[in-house]
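Only one structure is covered here, and it is reproduced in the block below.
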Amino acid sequence: SEQFWAMAYDRGTHPYLTNKGLDSLHGARLIRSEDIHNNSDFFTELLGKSAVSHSRGSYLCVPARDITGRLWGIQRISEEGGKYFSSGMRTKGCFHLIGQIDPKERVYVAEGFSTAASIHVATGGPVASSFNAGNLERVCRAIRERYGDALQIVVAGDDDRSNSRNTGREYAEKAARAVGAQVRFPQFTGNTGSDFNDLHALEGLDAVRDSLAREPGAGEETQPEEFVMPLGYAGEHYYFTSSSNPQINSFRELSETEL
């Protein structure tokens, strides 16, 4: 991956960015299909024979790094918007960070690269792209562990409202609850669009800023209620679980002489 990254260009533009209303690479790089074909042995081993033979045009290259900055792989985005990872590439807990995190300020965590880029353009703040909804919580946990509780984390989720299962909202809320973060979703005036890049394209950057500034409404509360749940009594022990310690816990009933 390091060799691949070194071969990619850090200047230029790409049709995918243009289609998404973005005019900067935002830390990504570019590679041309002719570069892949000219180094076919290397890229065949890295990407597979089929990926090399079907390479066309150019690709936006988005690095996937862990919290220490180690590069684990590269997401390739075609001119048409197809997204590809190298075979066997690690993505769990990896992300692409646009901007720099200040432990005393705020960081946004979003799914896709273009969504993260639109949020960065709108706010000027750091944004981590987790690549997919299922990876949001892992990235949030890694950031929280590294930077501590003083850092404000805002999960900028997708709202897959047209799907039978709203995966974007479900995973965003779950990630926010896991680390005590806030969660925000794009607020559209129409019925099309699901993420903050869609909102950027349809209604402009002011709409992105407004959605990110809006307090969660009903159904968007991220902090779980505290609870203690009794599980039963056996062998002079009471068993229970709680929000602060979700394992099965117990305490012994005291006799009168022990009181």
Side-chain angles (χ1 to χ4, degrees), residues 1-2 4-5 7-10 12-33 35-37 43-66 71-98 108-121 127-139 155-160 162-163 165-172 175 186 192-201:
S1 294
E2 291 288 358
F4 181 178
W5 187 242
M7 294 171 64
Y9 305 92
D10 60 2
T13 187
H14 191 263
Y16 176 78
L17 295 174
T18 302
N19 292 338
K20 292 293 185 176
L22 302 168
D23 56 8
S24 170
L25 292 176
H26 295 290
R29 292 186 180 182
L30 304 171
I31 196 160
R32 302 170 300 184
S33 58
D35 299 316
I36 294 176
H37 294 145
F43 281 105
T44 296
E45 183 177 354
L46 181 67
L47 308 177
K49 185 176 181 179
S50 178
V52 172
S53 62
H54 289 90
S55 293
R56 299 289 184 274
S58 61
Y59 295 87
L60 186 69
C61 303
V62 185
R65 301 182 185 274
D66 65 20
L71 179 65
W72 286 92
I74 295 170
Q75 182 188 56
R76 292 170 293 124
I77 304 178
S78 71
E79 295 179 354
E80 296 75 28
K83 297 178 180 179
Y84 311 95
F85 290 105
S86 304
S87 177
M89 170 184 153
R90 170 185 162 179
T91 57
K92 291 181 178 180
C94 293
F95 57 94
H96 173 57
L97 180 64
I98 303 174
Y108 296 95
V109 182
E111 287 188 39
F113 172 81
S114 63
T115 300
S118 286
I119 294 169
H120 177 72
V121 173
V127 191
S129 164
S130 69
F131 299 105
N132 59 69
N135 200 33
L136 282 169
E137 182 177 339
R138 296 186 184 95
V139 172
V155 182
D158 289 7
D159 189 4
D160 301 320
S162 63
N163 298 342
R165 177 185 176 187
N166 195 329
T167 304
R169 181 175 285 270
E170 176 185 330
Y171 279 95
T192 58
S194 63
D195 61 41
F196 281 97
N197 178 259
D198 294 335
L199 186 62
H200 175 189

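In this chain, numbering begins with 1 at the start of the sequence shown.
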Any heavy-atom pair between the side chains of [Y] and [X] that's under 4.5 Å?
X	Y	answer
Ser114	Phe196	no
Val127	Val109	no
Tyr171	Val155	no
Asp23	Leu17	no
Leu22	His200	yes
Phe113	Lys83	no
Phe43	Ile31	yes
Val62	Ser129	no

Please find the pair of heavy atoms, one from [X] and one from [Y], that lie closest to each other, and give the distance.
X	Y	value
His26	His96	O-NE2, 2.9 Å
Gly93	Asn135	N-OD1, 2.8 Å
Ser1	Gly73	OG-CA, 3.4 Å
Ala128	Val139	CB-CG1, 4.3 Å
Leu71	Pro63	CD1-CB, 3.6 Å
Gln75	Met89	N-CE, 4.3 Å

Give a yes or no on whether the backbone of [Y] and the side-chain of [X] come within a donor-acceptor separation of less than 3.5 Å.
X	Y	result
Asp159	Ser194	no
Asn166	Asp160	yes
Ser53	Lys49	yes
His54	Ser50	yes
Ser78	Gly82	yes
Arg29	Trp5	yes
Asp198	Thr192	no
His14	Ser58	yes
Asn19	Pro15	yes
His37	Val52	yes

- Query: Think Arg76 forms a cation-pi with Tyr59, using NZ or CZ under 6.0 Å from the six-ring centre and within 45 degrees of its axis?
  - Reply: yes

- Tested for side chain to side chain contact (heavy atoms under 4.5 Å, CB included) against Asp158, the lone hit among Asn132, Asn197, Asp195 is Asp195

Can you tell me how far apart [atom1] ([X]) and [atom2] ([Y]) are? Round to the nearest 0.5 Å.
X	Y	atom1	atom2	value
Leu25	Thr13	CG	OG1	7.0 Å
Asp35	Met7	CG	CE	6.5 Å
Leu30	Tyr9	CG	OH	9.5 Å
Ser130	Leu136	OG	CG	3.5 Å

- Message: What verdict does the side chain to side chain contact (heavy atoms under 4.5 Å, CB included) test give for Asp66 and Arg90, after you've listed the backbone C-alpha separation in whole Å, the side-chain angles of each residue and the deciding distance to 0.1 Å?
- Response: CA-CA 10 Å; Asp66 65 20; Arg90 170 185 162 179; 4.0 Å; yes

- With side chain to side chain contact (heavy atoms under 4.5 Å, CB included) as the test, would you mind laying out the steps for Cys61 and Phe4 before giving the verdict? CA-CA 9 Å; Cys61 303; Phe4 181 178; 4.0 Å; yes

